[in-house]
Amino acid sequence: MNINVDRLPEYQKAELGRYIQEMEIKTSITFFNNLVDHCVDKCVLTSWGGGFSSKNLTDAETQCVSKCAEKFLKVNQRAGFRFAEFQANQNIAAASLQQQQQQQQK
């Protein structure tokens with residue numbers, strides 16, 4: 001679905017902008033929560049001693065969380081690139097199909 005934002009009235013452009021900002025914030029919060037849940041579970045709760053045994057992380061836990069977060073970010077970035085690539089290919093295929101249909105109608 002393509003929306004030509006330029007044709008929307010100003011109040012709808014503002015509403016759309018607010019909605020997009022809200023969705024971006026929710027997505028960021030969800031991403032951060034997933035990262036924390038994954039890395040704390042992997043590095044603190046299971047692998048390095050079974051839980052919060054002190055108020056500070058051990059050196060091993062700190063190193064594990066750092067590496068885990070880095071990998072988590074890289075994997076999600078790569079997935080985002082692949083999704084964008086897939087979307088671009090889908091858009092090209094749809095445009096090609098539309099062009100073929102238009103030529104057949106002539």
Side-chain angles (χ1 to χ4, degrees):
M1 179 169 108
N2 291 331
I3 298 173
N4 188 345
V5 177
D6 295 333
R7 293 184 182 183
L8 292 175
E10 288 303 316
Y11 76 94
Q12 285 184 332
K13 287 180 188 178
E15 285 179 21
L16 182 60
R18 283 190 297 275
Y19 176 76
I20 290 171
Q21 283 181 328
E22 184 179 310
M23 293 307 297
E24 287 174 345
I25 290 168
K26 285 180 181 180
T27 300
S28 295
I29 290 169
T30 299
F31 178 82
F32 179 77
N33 287 339
N34 288 340
L35 181 144
V36 170
D37 287 346
H38 175 75
C39 293
V40 167
D41 184 51
K42 179 180 183 225
C43 298
V44 179
L45 299 180
T46 56
S47 298
W48 301 101
F52 294 101
S53 56
S54 70
K55 68 178 185 175
N56 296 322
L57 295 177
T58 66
D59 289 341
E61 289 169 336
T62 301
Q63 187 176 23
C64 180
V65 168
S66 180
K67 286 181 181 180
C68 178
E70 184 179 341
K71 285 182 182 181
F72 192 91
L73 292 170
K74 285 181 181 179
V75 165
N76 277 280
Q77 183 182 37
R78 179 139 173 92
F81 287 146
R82 297 297 262 165
F83 180 73
E85 189 177 88
F86 173 78
Q87 282 296 108
N89 289 337
Q90 291 290 75
N91 290 342
I92 290 168
S96 176
L97 180 62
Q98 186 177 21
Q99 191 175 38
Q100 288 174 359
Q101 290 173 344
Q102 288 174 347
Q103 288 176 350
Q104 289 175 354
Q105 291 176 353
K106 290 182 181 181

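The structure presented is a predicted model; accordingly, all values stated were derived computationally and were not measured.
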Enquirer: Side chains of residues 69-77: which donor-acceptor partners sit under 3.5 Å, not counting sequence neighbours?
Expert:
unit_1	atom_1	unit_2	atom_2	d
Glu70	OE2	Lys74	NZ	3.2
Asn76	ND2	Phe72	O	2.8

Enquirer: Are Phe83 and Met23 co-members of a hydrophobic cluster defined by side-chain heavy atoms under 4.5 Å apart?
Expert: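 No, because Met23 and Phe83 fall into different hydrophobic clusters, even though each may have its own neighbours under 4.5 Å.
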Enquirer: Which distance, rounded to the nearest 0.5 Å, do you find between the SG of Cys64 and the CG of Asp59?
Expert: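 One finds 12.5 Å between SG of Cys64 and CG of Asp59.
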Enquirer: Can you pull out every side chain to side chain donor-acceptor pair (under 3.5 Å) where at least one residue sits in residues 83-99? Sequence neighbours excluded, please.
Expert: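 Sorted pair list: Arg82-Glu85.
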Enquirer: Can you tell me how far apart CD (Gln100) and CD (Gln104) are? Round to the nearest 0.5 Å.
Expert: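 The CD atom of Gln104 is 7.0 Å from CD of Gln100, to the nearest 0.5 Å.
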Enquirer: Is there less than 2.5 Å between the SG of Cys43 and that of Cys68?
Expert: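 No; the two sulfurs sit 2.5 Å or more apart.
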Enquirer: Can any side-chain N or O of Ser66 pair as donor or acceptor with the backbone N or O of Thr62 at less than 3.5 Å?
Expert: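 No, the answer is negative, given that no donor and acceptor are paired below the 3.5 Å cut-off.
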Enquirer: Using residues 13-21 as the side-chain source, report each donor-acceptor pair under 3.5 Å to any protein atom, sequence neighbours left out, with the distance given to one decimal.
Expert:
unit_1	atom_1	unit_2	atom_2	d
Lys13	NZ	Glu10	OE2	3.2

Enquirer: I need the single residue from Ile29, Leu35, Thr30 that forms a side-chain contact (heavy atoms from CB on, under 4.5 Å) with Asn33. Which is it?
Expert: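 Passing option: Ile29.
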